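Here is the structure we will look at, set down as structure tokens.
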2 protein chains.
Amino acid sequence: MKSTNLYKGSLTTIILKLLNENDKMYGYEITQKVKEITKGELNITEGALYPSLHKLEAEGLLDVEFAKVNNRTRKYYKLTELGTQETVNKLAELEDYIRTMRALVNPKFRLQ
Amino acid sequence: MKSTNLYKGSLTTIILKLLNENDKMYGYEITQKVKEITKGELNITEGALYPSLHKLEAEGLLDVEFAKVNNRTRKYYKLTELGTQETVNKLAELEDYIRTMRALVNPKFRLQ
DNA sequence: ATTTTATGCATAAGAAAATTATGTATATTT
DNA sequence: AAATATACATAATTTTCTTATGCATAAAAT
């Protein structure tokens with residue numbers, strides 16, 4: 001998605017959080033929303049997004065619902081109960097990750 | 001290294017920063033240092049570490065120096081001038097990543 | 001009127017970065 | 001004597017992503 005490798009492994013967290021906030025979204029909408037929020041800093045590619053959505057659905061974290069808008073098909077995704085739980089976990093993991101990385105790169109944050 | 005996928009792509013940043021701080025280190029030392037700083041939260045595996053060190057060396061970011069200690073061989077790595085420059089870049093990328101992810105998962109941080 | 005861009009989905013080939021497993025060797029601890 | 005710690009390395013596999021390609025309709029631009 002971006003020149004830096006740091007976003008590797010972050011896509012699931014991003015998808016879950018956006019769905020947690022917006023109730024239901026379709027793939028293309030997610031790419032646009034991410035572009036908007038990050039001011040273009042992060043562009044999710046379709047080759048990464050769609051397989052990821054399919055996987056989350058297969059794992060039971062997302063439900064699908066089809067809609068026809070302007071003669072074009074949209075595939076809406078929404079969180080399942082399990083998906084909502086997993087969102088909480090993923091967000092906690094992100095905070096842990098940030099805290100740990102800060103401890104590693106900034107000696108000031110080394111403690112406990 | 002950890003159950004969460006978020007650390008994927010972070011290893012180079014971690015290695016460079018630790019070497020930036022400690023002048024020279026050997027592989028095993030890096031794994032122990034990371035374990036210590038993160039209180040066991042992050043354990044770098046050898047299968048990830050050694051190939052990564054070799055790659056950084058091949059890219060000219062690290063220099064190697066051998067040492068024999070207690071009849072065992074240590075391979076000390078230190079930053080080259082290029083490696084020091086790249087460390088600055090990687091740390092800036094990490095801060096960008098954290099800022100962007102915060103904007104994505106925390107609506108409070110959405111602005112500019 | 002036609003081409004390009006935007007919208008909307010999907011998958012396949014390949015690259016990159018990791019995990020897991022294995023191998024070698026010496027020192028120290030149990 | 002066996003297990004753990006120290007120290008390096010690589011190979012097979014998995015995960016996640018990039019890049020490329022394909023299909024289809026709508027809107028905008030030339």
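Predicted model, so just to flag it, every value in this text is computed and none were measured. First the proteins, then the strands, lettered A, B, ... as listed; each starts at 1.
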Cluster link Leu56(B) to Val88(B), ILVMFWY, side chain under 4.5 Å: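 No.
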Among [options], the nucleotide that comes nearest once only the side chain of [X] is considered:
X        : options                  : result
Arg74(B) : dA18(C), dA7(D), dA10(C) : dA7(D)
Asn71(B) : dT6(D), dA27(C), dA18(C) : dA27(C)
Tyr26(A) : dC9(C), dA18(C), dC17(D) : dC9(C)
Pro51(A) : dG8(C), dT20(C), dT11(C) : dT11(C)
Tyr50(A) : dT20(C), dA7(D), dG8(C)  : dG8(C)

Is any side-chain nitrogen or oxygen of [X] closer than 4.0 Å to OP1 or OP2 of [N]?
X        : N       : result
Arg72(B) : dA7(D)  : yes
Lys55(A) : dT16(D) : yes
His54(A) : dC9(C)  : no
Asn5(A)  : dC17(D) : no
Tyr28(B) : dA5(D)  : no
Lys75(A) : dA10(C) : yes

5' precedence on DNA chain D between Asn70(A) and Thr12(A) (nearest-nucleotide basis):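 Mapping each residue to its closest nucleotide by heavy atoms, the 5'-most match is Thr12(A).
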To the nearest Å, how far apart are [X] [atom1] and [N] [atom2]?
X        : N       : atom1 : atom2 : value
Lys8(A)  : dA18(C) : NZ    : C1'   : 10 Å
Phe66(B) : dA7(D)  : CZ    : C1'   : 12 Å
Leu49(B) : dT20(C) : CG    : P     : 16 Å
Glu65(B) : dC8(D)  : CD    : C1'   : 17 Å
Glu59(A) : dT16(D) : CD    : C1'   : 13 Å
Asn43(B) : dT6(D)  : CG    : P     : 13 Å
Ile15(A) : dT16(D) : CD1   : P     : 11 Å
Lys33(B) : dA7(D)  : NZ    : P     : 15 Å

Sugar-phosphate only, base, or nothing, as touched by Gly27(B) at under 4.0 Å among non-hydrogen atoms: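 Since only primed, P, OP1 and OP2 atoms lie under 4.0 Å of Gly27(B), the category is sugar-phosphate.
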Sugar-phosphate only, base, or nothing, as touched by Glu46(B) at under 4.0 Å among non-hydrogen atoms: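 The residue Glu46(B) makes base contact.
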Considering only NZ, NE, NH1 and NH2 on the basic side and carboxylate oxygens on the acidic side, decide whether [X] and [Y] come within less than 4.0 Å.
X        : Y        : answer
Glu59(B) : Lys55(B) : yes
Lys75(B) : Glu29(B) : no
Arg74(B) : Glu65(B) : no

Exam field: side chain Asn22(B) to backbone Leu18(B), donor-acceptor pair closer than 3.5 Å: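 Confirmed, Asn22(B) side chain pairs with Leu18(B) backbone.
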Residue pair Thr4(B) / Asp96(A), side-chain heavy-atom distance below 4.5 Å: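 Sidechains of Asp96(A) and Thr4(B): no contact.
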